[in-house]
Amino acid sequence: MSRYWLFKSDPATFGLEDLERSPGRTTCWDGVRNYQARNFLRDDVRVGDGVLFYHSQSRPPAVVGTAEVVRAGYPDPTQFDRRDPGHDPGSPPGDPRWYAVDIRLRKRLARPAELPELRGTPGLEEMLLLRKGSRLSIQPVTAGEWRIVLRLGGVRGGLG
DNA sequence: GCCAACGTTGGC
DNA sequence: GCCAACGTTGGC
């Protein structure tokens, strides 16, 4: 059974449009440097899982699309790249510290599901994203939350 | 193991 | 640009 996730991205760095333009509308979700998020990527995110694509640092912040996991956790190549901002000289190649997954765009939402709107929506009271001080960039989402967010985004029926 | 200092995230 | 919340670092 598939799970659901929310991935945050600053559109100034990598936004939905960048994903739309990526070959096969697929990208490597690398650069995650937080241990809790790493654990999700390494241990829990699986092929076929659904992803809410979220624009942070945006006005207003919003879920703007859905994606699907097409490759489960594997060592993040950028940690071994000297020139990459995420280069981690302390990560042993034999036991990599950081992980990435691949995701493929499913669809852009008909309209963004904006953060202030999410805050007022019944059924989302427990959503991790809405918790004060929640900075986690990879978050689990329940099936109910997934369905509600997609409905707000104008996605009718199905998996989005 | 404690905790102050520091850096980052991200909403506003 | 501001600042609250959080994570990490490093001295002790």
Problem - Audit row: A:R108, A:L16, side-chain contact (heavy atoms from CB on, under 4.5 Å) steps and yes/no - result: CA-CA 8 Å; A:R108 174 188 284 270; A:L16 188 72; 3.6 Å; yes
Exercise for the section: Provide, to the nearest angstrom, the distance between the CG atom belonging to A:L128 and the C1' atom belonging to B:dG11. Expected result: 16 Å
Exercise for the section: Write down the distance between CG (A:L136) and C1' (B:dT8), rounded to a whole number of angstrom. Expected result: 14 Å
Handout entry: Selected nucleotide, minimal atom distance to A:K132 side chain, candidates B:dG10, C:dA4, C:dC6
Key = C:dA4
Handout entry: Between P of B:dC12 and CG of A:L130, the distance in whole Å
Key = 10 Å
Problem - Heavy-atom side-chain proximity of A:R71 to A:V101 below 4.5 angstrom - result: no
Practice task
Tell me what A:R119 touches on the nucleic acid: a base, only sugar-phosphate, or nothing, going by heavy atoms under 4.0 Å.
Solution key: sugar-phosphate
Problem - For atom CD of A:Q57 and atom P of C:dG1, their distance in whole Å - result: 14 Å
Exercise for the section: May I ask you to verify if any side-chain N or O of A:Y54 is less than 4.0 angstrom from the OP1 or OP2 atom of B:dT9? Expected result: no
Practice task
Apply side-chain contact (heavy atoms from CB on, under 4.5 Å) to the pair A:L109 and A:V155, showing each step before the final yes or no.
Solution key: CA-CA 6 Å; A:L109 299 189; A:V155 176; 3.5 Å; yes
Practice task
State which of C:dC6, B:dG10, B:dC12 makes the closest approach to the side chain of A:L115.
Solution key: B:dC12
Handout entry: Residue A:R135, side-chain heavy atoms: nucleotide from B:dG11, C:dT8, C:dG7 that is nearest
Key = C:dG7
Handout entry: Non-hydrogen side-chain atoms of A:H87 and A:R83 separated by less than 4.5 Å
Key = no
